[in-house]
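These notes concern the structure reproduced below.
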There are 2 protein chains.
Amino acid sequence: MREFKKKARILLIDDNADHLRGIKELISIETGYDIAGTTTNANIGINLVKKYRPELVIIDVNMPEKDGLQAIQEIEKLGLDTRILVLSGYDDADLIFRAMKIGAKGYVLKTMASAQLIYAIDEVLSGKVYLPSALSSRFFEYFQRSFKEENSASTEENLLTYLTSREEEVLELLTQGNNYKGIAGKLFISETTVKTHVNNIFQKLQVNDRTQAVLYALNNGFGKKFRTKISA
Amino acid sequence: MREFKKKARILLIDDNADHLRGIKELISIETGYDIAGTTTNANIGINLVKKYRPELVIIDVNMPEKDGLQAIQEIEKLGLDTRILVLSGYDDADLIFRAMKIGAKGYVLKTMASAQLIYAIDEVLSGKVYLPSALSSRFFEYFQRSFKEENSASTEENLLTYLTSREEEVLELLTQGNNYKGIAGKLFISETTVKTHVNNIFQKLQVNDRTQAVLYALNNGFGKKFRTKISA
DNA sequence: ACTGATTTAAATCTATGGATTGATAAAAAT
DNA sequence: ATTTTTATCAATCCATAGATTTAAATCAGT
């Protein structure tokens, strides 16, 4: 008699063998999930992911040799539907941010109660993204700090607002790498007209050439489909 | 006899006058905070913030005339230590994401229990960033989707990897808007050498001019202090 | 010691970019 | 009604960008 609902398989990657064994037992005793494998080596772990395609990978990011984040990224690049739960010794906001950014579905501290880990596993396996509330606060603060500069830096007026709508169209095409001829063709106007517009754009943005104009546009939220730089 | 600890003052901005009154009463009855003012108009609200500098602004983002997000941004630009709690009718992930991005410290739905609102107010006033867990899940999913493309898009090889270290330096300066002369001066090499490098860069990146090269660099994670585009 | 890639550079040439001036017509604002 | 802004175009003219070729010195790896 077979079960229809396959039990989720979990792969553990942690350089600390003791810790590895502890988690394995915890999962075996407290949950119904299968342990697809355990390893103390990140590279081996990645290969195991390829081989067994577990539903979940629990990985320690604080490993000496291979960077845990890098391992996560490589697993994500495989494009499988393997979810990743990060285990970390530190509640470093930057680390959390980066882990979540590259696709981790959860992040729990080693110091947290085992019940918390079990809960996180359940949540992540059920398709949710899970961060303990303490960490999620840290995450949000970091998130906002990351975006702060660009928003507050706009205390100085945005020169883009002085552009006419036509000039905006021209600039848009500039930011797509078009030359004069290309822009003229796409807007059905003469090349000299384009030059006029571009010159006016230069004046208004106080730049000297198209590259600087494009850079200004990109760095000042042009296209409103907000491109953003996050400087960590 | 005066209290030493000043009671936090809260400003309410909501185009729905009934709702405004309801929240006002709720806060008066259930909390010890002062209502610094209430208004149905976003622009007036911004002026009230300037005038009274409340510790907290509760603002409805679903307003017809002035965009709520824009109002938030303008309040943030004032650079005061006024925290913003967003009130919204929709649990739109994009809206949540954008609100938090521009500095909102909390986001609660109008449909949520009033106890939830009170709790959010307390949390935000105590300096935390607060999202109800249901919304925070949505936020994380949106967050990860936003960053997904750039991470997985690197399936197709990144032409930047073919650049030599010198070419990278030159490209870096290109992305800062330098012309040949500027680059030559900064690298202490001749202008013709710069041209050679730039030409090689064009070949390797398969582009026709400096602007396209810069755009390629920016869109393919050049500068490793990870610039990122978030296409909503 | 040889090979190949990198970095440097010059000479030359053409194409494109960009500045400047001046002009017309429609649209918008006063 | 008239002034200003916007969008359009042309004709110059000079500067810069970019393509191409050739070549020397350095450096890393076999």
Side-chain angles (χ1 to χ4, degrees), chain A residues 157-224, chain B residues 43 65-66 70 157-224:
Chain A
E157 60 181 349
N158 190 342
L159 298 176
L160 290 172
T161 60
Y162 297 137
L163 298 182
T164 68
S165 60
R166 196 53 159 175
E167 286 163 355
E168 283 179 353
E169 289 182 76
V170 173
L171 181 55
E172 168 78 32
L173 291 170
L174 275 183
T175 62
Q176 288 165 19
N178 292 283
N179 57 18
Y180 288 132
K181 202 177 298 180
I183 296 173
K186 277 162 194 165
L187 294 183
F188 305 107
I189 56 181
S190 86
E191 210 170 318
T192 57
T193 303
V194 177
K195 288 190 177 188
T196 305
H197 288 313
V198 171
N199 264 288
N200 291 334
I201 291 170
F202 290 167
Q203 303 309 316
K204 291 183 179 179
L205 301 188
Q206 296 167 25
V207 297
N208 304 310
D209 56 51
R210 60 176 62 232
T211 306
Q212 292 178 1
V214 167
L215 288 170
Y216 185 94
L218 263 40
N219 289 326
N220 290 83
F222 188 73
K224 62 201 157 291
Chain B
N43 289 317
E65 5 136 21
K66 187 115 190 179
Q70 199 183 324
E157 62 179 348
N158 191 341
L159 298 176
L160 290 172
T161 60
Y162 297 137
L163 298 182
T164 67
S165 60
R166 195 54 159 174
E167 286 162 357
E168 283 179 354
E169 289 182 74
V170 172
L171 181 54
E172 169 79 31
L173 291 170
L174 276 182
T175 63
Q176 289 165 19
N178 292 283
N179 58 18
Y180 287 133
K181 201 177 300 180
I183 296 173
K186 277 161 194 166
L187 295 182
F188 305 107
I189 56 180
S190 86
E191 209 170 318
T192 57
T193 302
V194 177
K195 288 189 178 188
T196 306
H197 288 313
V198 171
N199 264 287
N200 291 333
I201 291 171
F202 290 167
Q203 303 307 316
K204 291 185 179 179
L205 301 188
Q206 297 166 26
V207 298
N208 304 311
D209 55 51
R210 60 178 60 233
T211 306
Q212 292 178 2
V214 167
L215 288 170
Y216 185 94
L218 263 41
N219 289 325
N220 290 83
F222 188 73
K224 63 201 157 291

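Proteins get letters first, then strands, A, B, ... in listed order; numbering begins at 1 in each.
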Just to verify, what does A/Q176 make a side-chain hydrogen bond (donor to acceptor under 3.5 Å, both in side chains) with, not counting sequence neighbours? A/E172
Taking only residues two or more places apart in sequence, or in another chain, which ones meet B/S190 in a side-chain hydrogen bond (donor to acceptor under 3.5 Å, both in side chains)? B/T192, B/T193
Produce a footprint string for nucleotides 2-20 of chain D: one letter per nucleotide, 5' end first; B if the base is under 4.0 Å from any protein heavy atom, S if only the sugar-phosphate is, - if neither. ----SSBBB------BBBB
With B/N208, which residues qualify under side chain to side chain contact (heavy atoms under 4.5 Å, CB included), at least two apart? B/Q212
Residues that A/T164 engages under side chain to side chain contact (heavy atoms under 4.5 Å, CB included), provided they are two or more places apart: A/R166, A/E167, A/K204
Residue pairs involving residues 185-203 of chain A (criterion salt bridge (charged side-chain N to carboxylate O under 4.0 Å, His left out); sequence neighbours excluded): none
Give each protein N/O atom lying under 3.5 Å from an N/O atom of nucleotides 26-30 of chain C, with the pair distance.
none

The side chain to side chain contact (heavy atoms under 4.5 Å, CB included) partners of A/T196 (sequence neighbours excluded) come to A/N200
Is there a side-chain contact (heavy atoms from CB on, under 4.5 Å) between A/V194 and A/L187 once you walk through the steps? CA-CA 9 Å; A/V194 177; A/L187 294 183; 5.5 Å; no
